[in-house]
Every structure is written in structure tokens, then in C-alpha cells.
Number of protein chains: 2
Amino acid sequence: MSSRTPGTEQPHAGSLRIGDVARLVGTTPRTIRYYEEIGLLPEAPARPSGRHRLYSDTEVERLREVMRLKDLLGVSLEELKTLLAAEDARAAVRAQLRREDVDSDRRQALLQEALGHIDRQLALVRRRAGELSRLEDELSETRKRVRRKMRELDAHAGATFAAPAPILQRPGGP
Amino acid sequence: MSSRTPGTEQPHAGSLRIGDVARLVGTTPRTIRYYEEIGLLPEAPARPSGRHRLYSDTEVERLREVMRLKDLLGVSLEELKTLLAAEDARAAVRAQLRREDVDSDRRQALLQEALGHIDRQLALVRRRAGELSRLEDELSETRKRVRRKMRELDAHAGATFAAPAPILQRPGGP
DNA sequence: CATCAAATTGACGTGAACGTAAGGATCACG
DNA sequence: CGTGATCCTTACGTTCACGTCAATTTGATG
């Protein structure tokens with residue numbers, strides 16, 4: 001829809017331009033360049049300075065993950081960078097583990113490290129999730145009280161004419 | 001500890017100074033003034049311009065709630081303002097409902113409005129909570145895989161000497 | 001009432017996270 | 001090979017959410 005308006009589609013992945021990526025993940029080229037600039041995203045691999053950046057869908061996924069974490073955890077890009085360092089470390093681990101020529105001790109160490117990273121992220125996520133769920137409970141509670149009051153009022157003063165059906169859909173619906 | 005260093009304690013609430021409030025909720029006076037400036041907090045009621053602001057613990061609670069929402073929902077102060085307008089509406093409803101001289105129709109309308117506000121907040125909270133919990137699940141899943149891999153590795157190459165006990169505490173613990 | 005910590009208004013400064021504009025270079029396409 | 005759309009870099013501008021400094025007041029206390 002934008003890289004090459006119509007025409008010969010190269011079906012093999014790996015040739016998305018920055019504008020396409022931006023639209024795919026719902027952001028702007030500037031933001032993507034900025035993330036690269038501050039080291040949140042790796043510089044497009046070995047790109048002759050001045051040429052266009054090219055991305056594969058792997059990188060698109062990565063960017064999606066980055067923005068998701070940023071939004072959900074509400075952390076600064078700097079903090080996010082350390083969190084992603086963790087992800088990268090895990091990626092490195094996976095890469096190393098695929099090779100057979102590393103001894104068990106090393107493998108254990110790598111796994112141990114990965115576990116540490118995961119646990120730190122989990123702690124962060126769990127804390128926020130917990131707080132949010134508490135907030136949700138409080139709101140639900142309040143909601144119930146309001147509903148009850150409405151029913152009471154309807155029963156007392158009502159009976160004159162039928163109350164219009166409550167306009168409620170399950171919250172969370174479409 | 002700071003308003004009046006030691007001395008005669010006026011045990012009745014309602015005379016906290018801005019610095020005290022700031023410390024109580026973990027922020028700075030500047031932030032409180034700023035929130036007032038942009039209309040997030042009501043101007044301290046009928047304060048002769050130039051005099052010190054005085055707060056009651058009710059207002060402290062309110063501020064706590066504000067900061068909690070800001071943090072948990074990750075919204076701008078402007079968005080937060082509309083959300084709080086909702087809270088204020090509910091407060092108004094409560095106030096009105098305590099008076100007996102409002103007719104049932106009005107009461108129903110107020111309650112209906114309040115319900116709308118609550119539902120909007122609930123939707124927001126539920127969405128975020130859901131996303132966060134999905135993230136949590138994914139992380140837990142990954143964690144399990146890593147643990148499994150570690151055990152496998154330990155079983156295969158291990159048996160040479162006892163592996164040191166894993167340093168794991170329940171995530172979320174102290 | 002003198003004093004000193006803490007508050008007030010006003011103004012300017014700041015870091016984060018981009019937006020925007022300028023002047024060229026690239027790239028797919030005809 | 002021309003051309004228009006997109007991209008490149010550089011650099012300055014902007015918004016949000018406060019921080020900070022200054023000159024002055026307020027207000028509880030010795």
C-alpha cells in the first residue's frame with residue numbers, strides 16, 4: 001500500500017521500509033529512528049550510512065513487543081532498555097544453546113542468568129497486575145452499590161410505570 | 001514532624017500544610033501546586049490569595065487516589081482530569097442523595113450518570129488488567145521452559161556433584 | 001515581637017519523547 | 001533515464017510534567 005504502490009510483490013519477507021513498519025505497528029518513522037538512536041532498537045544491520053533502512057517481520061514483532069511493554073509497564077525508555085537487554089540476553093542464550101559446543105556449566109550459567117531476567121520482569125508485571133486488579137475490585141464494588149441503590153429507588157418510588165431496561169452490556173464487551 | 005516541629009498538637013484534622021501533604025503521599029509541594037494549577041485538584045477552598053494552603057486528610061486521600069490512577073492507568077493528566085470529573089460527579093451524587101428533597105426521577109438520573117462513569121473506568125481498567133495478565137502468563141510460560149531446560153541439563157551432565165540449591169524465592173515475595 | 005522554617009507567586013529551566021522543517025539522496029516504476 | 005514517493009540526516013521546535021531559583025510573606029515558636 002505504500003512501499004511500492006502496485007506491482008511485482010516480492011513475497012519473501014525482509015524488505016519492509018520504515019514507513020510500512022510504522023503503519024504496521026501504529027507509530028511514525030520518526031519514533032522508530034528515535035528508538036534506534038537511543039539504542040532501544042538495534043541499528044538496522046550493517047546499513048551503508050545514507051541508505052534506506054530495511055526491516056523484516058521479526059523486527060516488526062520486536063517493535064510491537066517494545067511498544068507493548070512500554071505501554072503496559074509504564075516505564076521510561078531508559079528502563080525499558082534494561083528490560084530489553086534482558087530479552088536480548090535470553091535471545092543470546094537461545095542462540096548459544098542451539099550450538100552443541102558449549103559445556104554444561106556454561107549452559108547452566110546462561111540459563112541461570114535468563115531466569116534472573118525473567119523473574120525481575122515477572123515481579124514488575126505481577127506488582128502492577130495486582131494493583132490494577134485491586135482497583136478493579138474496588139470499582140466493581142462501587143458499581144454494585146450504585147446498582148443496588150438504583151434498584152431500591154426503583155422499587156420504592158417506582159411501580160408507577162415500568163422502568164426502561166438497563167442499558168448494560170457486560171463490561172469488556174465490544 | 002515538620003509543620004510545627006514539636007509542641008501543642010491540634011488533634012482535629014484539617015490543618016496540614018502543603019509540605020506535610022507532599023511527604024505523606026510521596027511527592028513534592030511543586031507537584032501539588034501544579035495539579036491545582038491545571039485543575040486536577042480544586043483550589044484549596046476559599047483561600048485568601050497569598051495565604052498558606054491548608055489540607056484535610058480527605059484531600060490527602062484524594063491526592064493519593066489521583067496519583068494511584070495516574071500511575072496505574074498511565075494516562076496524561078489531561079485524561080486523568082476527565083476521569084476525576086467522573087469521581088467528582090459521583091461525589092456530587094452522594095451529596096445530593098443525602099439530601100431528602102430531591103425527587104426520585106432526579107435521583108435515578110444521577111445514579112444512572114454515576115453508573116456510566118464507573119463503567120467507563122471499569123472498561124479502561126479491565127482492558128489494561130487483561131493485557132497485563134496476558135503478559136504475565138507469557139512470562140510464566142517462558143519461565144517454566146527455562147526451568148525445565150535447567151533441570152534436564154542438571155540431570156544429564158550432573159550427578160557429578162550436588163547442584164547448589166536454586167536461589168528462588170516465590171516471585172512476589174518480600 | 002523577633003526569628004526562622006516553610007509557604008507564596010512568578011518566572012525561567014529541564015529531561016523525556018517525540019514533531020517538524022530543510023535540503024538532499026534513494027528507490028521502484030514507466 | 002526521468003520522476004515522484006519515500007527515506008536520509010541534521011537541527012531546531014514542542015508538549016508534558018514537573019524542577020529550581022528568587023524575592024517576599026506567612027505563621028508558629030522562643
Side-chain angles (χ1 to χ4, degrees), chain A residues 1-12 14-41 43-44 46-55 59 63 66-67 69-71 73-82 84, chain B residues 1-12 14-41 43-44 46-55 59 63 66-67 69-71 73-82 84:
Chain A
M1 199 188 277
S2 85
S3 70
R4 287 143 289 126
T5 321
T8 323
E9 292 272 336
Q10 229 175 328
H12 105 295
S15 43
L16 293 166
R17 318 201 348 197
I18 198 172
D20 305 327
V21 175
R23 260 183 306 278
L24 282 175
V25 307
T27 183
T28 75
R30 167 60 174 155
T31 296
I32 299 182
R33 290 198 203 96
Y34 179 61
Y35 285 5
E36 180 185 320
E37 185 184 331
I38 66 172
L40 239 185
L41 300 177
E43 332 194 1
R47 171 180 62 109
S49 170
R51 319 292 291 265
H52 292 183
R53 291 167 179 80
L54 289 185
Y55 300 89
E59 275 131 309
L63 180 52
V66 167
M67 303 189 67
L69 285 178
K70 178 202 161 187
D71 191 48
L73 301 186
V75 297
S76 75
L77 295 182
E78 203 57 35
E79 299 172 87
L80 194 51
K81 203 152 72 172
T82 67
L84 291 180
Chain B
M1 200 190 277
S2 86
S3 69
R4 288 144 292 125
T5 321
T8 322
E9 291 274 336
Q10 229 174 329
H12 104 295
S15 42
L16 293 167
R17 315 191 3 184
I18 199 171
D20 305 325
V21 174
R23 260 183 306 278
L24 282 175
V25 306
T27 183
T28 76
R30 167 62 173 151
T31 297
I32 299 181
R33 289 198 203 96
Y34 180 61
Y35 285 4
E36 180 184 320
E37 185 183 330
I38 65 172
L40 240 185
L41 300 178
E43 332 194 3
R47 171 180 61 109
S49 170
R51 319 293 290 266
H52 292 183
R53 291 168 179 81
L54 289 185
Y55 300 88
E59 275 130 309
L63 180 52
V66 167
M67 303 189 67
L69 285 178
K70 178 202 161 186
D71 190 47
L73 300 185
V75 298
S76 75
L77 295 184
E78 203 56 33
E79 299 173 86
L80 195 52
K81 203 153 71 172
T82 67
L84 290 180

- Query: Roughly how far, to the nearest 0.5 Å, is the CZ atom of Arg47(A) from the CD atom of Glu36(A)?
  - Reply: 6.0 Å

- Query: Starting at CD1 of Ile18(B) and ending at P of dA6(C), how long is that distance when rounded to a whole Å?
  - Reply: 14 Å

- Note on the structure: Interatomic distance, CZ@Arg30(B) vs CZ@Arg33(B), rounded to 0.5 Å, equals 8.0 Å

- Query: So how far off straight is the helix from dC1(C)-dG30(D) to dG30(C)-dC1(D), going by the axes through five pairs at either end, to 10°?
  - Reply: 10°

- What is the distance, rounded to the nearest whole Å, between atom CG of Leu80(B) and atom P of dC18(D)? 11 Å

- Message: By nearest atom, which of the nucleotides dT26(C), dA6(C), dT9(D) is closest to the Ser49(A) side chain?
- Response: dT9(D)

- In this structure, CD of Glu59(A) is separated from CG of Leu54(A) (nearest 0.5 Å) by 9.5 Å

- Checking all strands, does Arg53(A) fall into the base, sugar-phosphate, or nothing category for heavy-atom contacts under 4.0 angstrom? sugar-phosphate

What pairs of nitrogen or oxygen atoms, one from the protein and one from nucleotides 15-18 of chain C, lie under 3.5 Å apart?
{"residue": "dA17(C)", "atom": "OP1", "partner": "Leu77(A)", "partner atom": "N", "Å": "2.9"}
{"residue": "dC18(C)", "atom": "OP2", "partner": "Tyr35(A)", "partner atom": "OH", "Å": "2.6"}
{"residue": "dC18(C)", "atom": "OP2", "partner": "Lys70(A)", "partner atom": "NZ", "Å": "3.1"}

- Report the residues that fulfil side chain to side chain donor-acceptor pair (under 3.5 Å) with Glu78(B), sequence neighbours left out, ordered by chain and then residue number. Lys81(B)

- Message: If you define the side chain from C-beta out and look only at heavy atoms, does anything of Val66(A) sit under 4.5 Å from Val25(A)?
- Response: no

- Figure out the OH/P separation between Tyr55(B) and dA6(C), and round it to whole Å. 17 Å

- Message: Strictly below 4.0 Å: does Arg33(A) bring a side-chain N or O up to OP1 or OP2 of dT20(C)?
- Response: no

- If you round to the nearest 0.5 Å, how far is CG of Leu63(B) from OG1 of Thr31(B)? 9.0 Å

